[in-house]
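Below, read A as the first sequence line, B as the second, and so on, with proteins coming before strands; counting in each chain starts at 1.
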Amino acid sequence: MRSTFDLRSSPCLPHEFYNRPTLAVACALLGMRLVRLLDGVQLGGIITETEAYIGEADLGCHARSGKTRRNAVMYGPPGFAYVYFTYGMHWMLNAVTGPQGFPAAVLIRAIQPLQGLEIISARRQGRDTLGPAKLTQALGVDAAFNGADLCSPASGLWIEAGVPVPQSNILTGPRVGLYTVPEPWKSKPWRFRTTLPSAPPTR
DNA sequence: AGCACGATGCTCT
DNA sequence: GAGCATCGTGCTT
């Protein structure tokens, strides 16, 4: 039984994990474990839904109009958090992917809570964590984490290896909420979901 | 179970 | 000044 946190071998996925085509990373992140160290307690869960946003050519991506102050982190090295604010109240968490200089990221849309269940439930007032703004609220992720290193526990927010998700358990579909984005970008099947590990409800 | 809508503020043109 | 990579409530089937 392992009851203590092993500081000698970092449990985090390495930066190279993210230095791959964004679609590959979006798939590979399913089943991985997102962890937030909040007030000395680990809150975390299995990533069950992601979306890919790929380069300036992708008109659904925030980089569609080039580099700005908001999206600058996406142009940086892979394995860092791109966190932005939207709809006047919600924070969104992305993992930057691909080589430095190429603006791309994976939006983490849902987790199934695994660690710190009571705190997560309290922060969510008993409601679910299936949704990009819901999970950031559950874990306490906000502007302070824009640019955070997802490959180091020192950042307080990282991603570890989790449970393997076979290809047959991955569902794809169009990305959510891109109402005014022109085709073909609006319909690209760049949303990925899994029903593992224990069949959370879909939304 | 599914729609309609209001909340609320930052970013970029 | 417009447009958001959303959520929760409340109302209708």
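Evaluation of atom-type donor-acceptor distances gives a pair under 3.5 Å for the side chain of A:Tyr84 against the base of C:dA5. You won't find any donor-acceptor pair under 3.5 Å spanning the side chain of A:His90 and the base of C:dA5, going by distance alone.
Protein atom CG of A:Leu135 is 12 Å distant from nucleotide atom C1' of C:dT6, rounded to whole Å. Atom-to-atom, CG of A:Leu130 to P of C:dG8 comes out at 11 Å; the value is rounded to the nearest Å. Between A:His62 atom NE2 and B:dC10 atom P there is a gap of 16 Å when expressed in whole angstrom units. The distance between atom CD of A:Glu51 and atom P of C:dT6, rounded to the nearest whole Å, is 8 Å. Computed from coordinates, the A:Arg175 CZ to C:dC4 P distance equals 14 Å when rounded to whole Å. Taking atom CG of residue A:Leu107 and atom P of nucleotide C:dC4, one finds them 16 Å apart after rounding to whole Å. The distance between atom OH of A:Tyr179 and atom C1' of B:dC5, rounded to the nearest whole Å, is 12 Å. The CH2-P distance, from A:Trp185 to C:dC4, rounds to 17 Å in whole Å.
Between C:dA5, B:dC12, C:dC4, one nucleotide has an atom nearer to the side chain of A:Thr68 than all others, and that is B:dC12. Closest to the side chain of A:Phe85, from the set B:dC10, B:dC12, C:dA5, is B:dC10. Comparing B:dT8, B:dC12, C:dA5 by their nearest atom to the side chain of A:Tyr82 picks out C:dA5.
Of the side-chain N and O atoms in A:Lys134, one or more sit less than 4.0 angstrom from OP1 or OP2 of C:dG8. Within the structure, a side-chain polar atom (N or O) of A:Thr180 is placed less than 4.0 Å from OP1 or OP2 of C:dC4. The phosphate of C:dG8 (OP1 or OP2) has a side-chain N or O of A:Arg127 nearer than 4.0 angstrom. Between A:Arg124 and C:dC7 there is no side-chain polar atom (N or O) within less than 4.0 angstrom of OP1 or OP2.
C:dA5: no Watson-Crick or G-U partner with both key distances under 3.5 Å is found in any strand. Taking a pair to require two hydrogen-bonding distances under 3.5 Å in either a Watson-Crick or a G-U wobble arrangement, B:dT8 remains unpaired.
The aromatic ring of A:Tyr53 sits over the base of C:dA5, with ring centres less than 5.5 Å apart and planes tilted by under 30°.
Using cut-offs of 30° and 60° for the angle between ring planes, the A:His62 and A:Tyr84 rings count as perpendicular.
A:Met89 comes within 4.0 angstrom of a base, heavy atoms only. Backbone-only contact: A:Arg70 has heavy atoms under 4.0 Å from sugar-phosphate atoms and none from a base. Contact annotation for A:Leu178: backbone-only contact, meaning every heavy-atom pair under 4.0 Å involves sugar-phosphate atoms and none involves a base.
No donor-acceptor pair closer than 3.5 Å links the side chain of A:Tyr18 to the backbone N or O of A:Ala95.
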Under the salt bridge (Lys or Arg N to Asp or Glu O under 4.0 Å) rule, what do A:Glu51 and A:Arg109 come out as? Steps first, then yes or no, please. CA-CA 7 Å; A:Glu51 278 177 5; A:Arg109 287 193 57 88; 3.6 Å; yes

Test A:Arg124 against A:Gln137 for side-chain hydrogen bond (donor to acceptor under 3.5 Å, both in side chains), laying out the working first. CA-CA 7 Å; A:Arg124 287 287 304 139; A:Gln137 199 226 328; 2.6 Å; yes

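Each of A:Leu93, A:Leu157, A:Val73 was evaluated against A:Val83; a single residue qualifies, A:Leu93, per the side chain to side chain contact (heavy atoms under 4.5 Å, CB included) test.
Among all heavy-atom pairs drawn from A:Ala104 and A:Thr22, the shortest one is CB-OG1, 3.3 Å.
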